[in-house]
Every structure is written in structure tokens, then in C-alpha cells.
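Here's the structure, in C-alpha cells; my notes come after.
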Amino acid sequence: AGGGDDGGVRSIVEADRQIKALKARNVKLQRTIERQQDELRTMGAKIQDLDYAKARAQDQASRVRHEKEERRRAEDEIARSMDKVEALSEHIEKLMVHLKHEAAAKAK
């Protein structure tokens, strides 16, 4: 009868050992989960930083495109103005020659 009790005690001792092992494994898994959650939070923050940087870069690129367009328009306007000045200068020269001829004709 005493031998049967030994088997029961051994089963209880073995069950206790398995419970302790499982508890230790559970603690280890909990730590792993916590580390991974920390990493996930860190990655989420980095993604937000990247999204912000991407938005800023897109805004800056848009501003640069707008400034280039404005510069091109200004340069075109300057070129048109220079053409007008040149045409007016030529016209003034022709008028001066005409006036000179008129003055010479009146002097005769």
C-alpha cells in the first residue's frame, strides 16, 4: 500500500515541477511581449517622424516648384520689357533722324 502513495507523491512532485517550468516560461514570454510592444511603439514613433519628414519634403518641393515658376514668369516679363525698351529706343532714334531732317529742311 505504501508503494502506491509514492507514485501519487511523485506525480504531484512532477506536476509541481511542470507548473514551475510553465510559470517560468510564461514570465519569459511576457518579457518578450513587453520588449516587442516597446519596439512596436518605437517603430510607430519613427513612422510618424518619417511621415512628418515626408510631408515637409513634399511641401518644400512644392514651394520650390512654385518659386521656379514665379522666377520663370518674372524672367519672361523682363525679357518682354527689354524687347519693348529696345523697340522704343529704335523708334526714338528714327524720330530723332526725322526731326533732324525736318530741321535741316527748314533751315534751307
Side-chain angles (χ1 to χ4, degrees):
D5 286 339
D6 277 348
V9 170
R10 276 197 295 265
S11 293
I12 291 171
V13 169
E14 178 60 22
D16 278 344
R17 188 191 63 72
Q18 288 178 356
I19 289 171
K20 286 179 184 175
L22 289 172
K23 282 182 180 181
R25 179 159 169 73
N26 191 31
V27 168
K28 185 177 177 183
L29 289 172
Q30 281 296 118
R31 286 187 195 132
T32 300
I33 289 170
E34 288 170 7
R35 272 196 316 275
Q36 289 176 344
Q37 287 173 335
D38 287 345
E39 287 177 23
L40 185 59
R41 278 189 290 275
T42 300
M43 285 189 240
K46 288 180 181 179
I47 288 171
Q48 285 179 334
D49 290 347
L50 287 173
D51 286 344
Y52 176 73
K54 180 181 175 184
R56 285 191 61 197
Q58 288 172 339
D59 287 346
Q60 189 172 7
S62 177
R63 273 194 304 276
V64 167
R65 279 192 301 275
H66 178 72
E67 288 173 5
K68 282 183 181 180
E69 180 63 23
E70 290 299 315
R71 180 179 177 162
R72 186 194 59 77
R73 285 183 189 150
E75 288 173 348
D76 289 349
E77 184 63 31
I78 289 170
R80 282 192 298 276
S81 295
M82 295 298 286
D83 289 344
K84 288 177 184 179
V85 166
E86 186 176 335
L88 286 172
S89 294
E90 289 173 6
H91 187 66
I92 289 170
E93 285 179 30
K94 288 178 185 177
L95 287 173
M96 295 298 285
V97 168
H98 179 70
L99 289 173
K100 182 179 174 183
H101 288 146
E102 270 189 17
K106 284 184 181 180
K108 287 183 180 180

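Just so it is clear, the values below take in all heavy atoms, side chains as well, and ignore hydrogens, waters and symmetry mates.
- Salt-bridge formation is not detected for the pair D59/R63: no Lys NZ or Arg NE/NH1/NH2 atom is positioned less than 4.0 Å from an Asp or Glu carboxylate oxygen.
- One distance of note links CD1 of I19 with CD1 of I12; it measures 10.5 Å at 0.5 Å rounding.
- Residues S81 and K84 form no side-chain contact, since every pair of their non-hydrogen atoms from C-beta on lies 4.5 Å or further apart.
- For R25, the CZ atom is loosely surrounded, since the number of other residues' heavy atoms within 6.0 Å does not exceed 12.
- Shown here are the side-chain hydrogen bond (donor to acceptor under 3.5 Å, both in side chains) partners of S11, two or more places apart in sequence or in another chain: there are none.
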**Item:** CA sep, side-chain torsions, deciding dist, call: V27, K23, side-chain contact (heavy atoms from CB on, under 4.5 Å)
**Value:** CA-CA 6 Å; V27 168; K23 282 182 180 181; 5.6 Å; no
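- A salt bridge links E75 with R71: the distance from a Lys NZ or Arg NE/NH1/NH2 to an Asp or Glu carboxylate oxygen falls below 4.0 Å.
- Of the charged side-chain nitrogens involved, at least one lies within less than 4.0 Å of a carboxylate oxygen, so that E77 and R80 count as a salt-bridged pair.
- Distance check: Q18 CD to L22 CG gives 7.0 Å after rounding to the nearest 0.5 Å.
- To the nearest 0.5 Å, atoms CG (L88) and CG (D83) are separated by 11.0 Å.
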**Prompt:** Stepwise, does the salt bridge (charged side-chain N to carboxylate O under 4.0 Å, His left out) test hold for E39 with R35?
**Reply:** CA-CA 6 Å; E39 287 177 23; R35 272 196 316 275; 5.5 Å; no
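- Residue pairs meeting the salt bridge (Lys or Arg N to Asp or Glu O under 4.0 Å) criterion with at least one partner in residues 41-58, sequence neighbours excluded, are D38-R41.
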**Step-by-step side-chain contact (heavy atoms from CB on, under 4.5 Å) determination, K68 to V64** = CA-CA 6 Å; K68 282 183 181 180; V64 167; 3.9 Å; yes
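- Rounded to the nearest 0.5 Å, atoms CD (Q36) and CD (E34) are 11.0 Å apart.
- E14 has a carboxylate O that lies under 4.0 Å from a charged side-chain N of R17, or vice versa, which qualifies the two as a salt bridge.
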**Message:** Pair R72, D76 - check salt bridge (charged side-chain N to carboxylate O under 4.0 Å, His left out), show working.
**Reply:** CA-CA 6 Å; R72 186 194 59 77; D76 289 349; 2.6 Å; yes
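- Without hydrogens or angle criteria, S89 side chain to V85 main chain gives a donor-acceptor distance under 3.5 Å.
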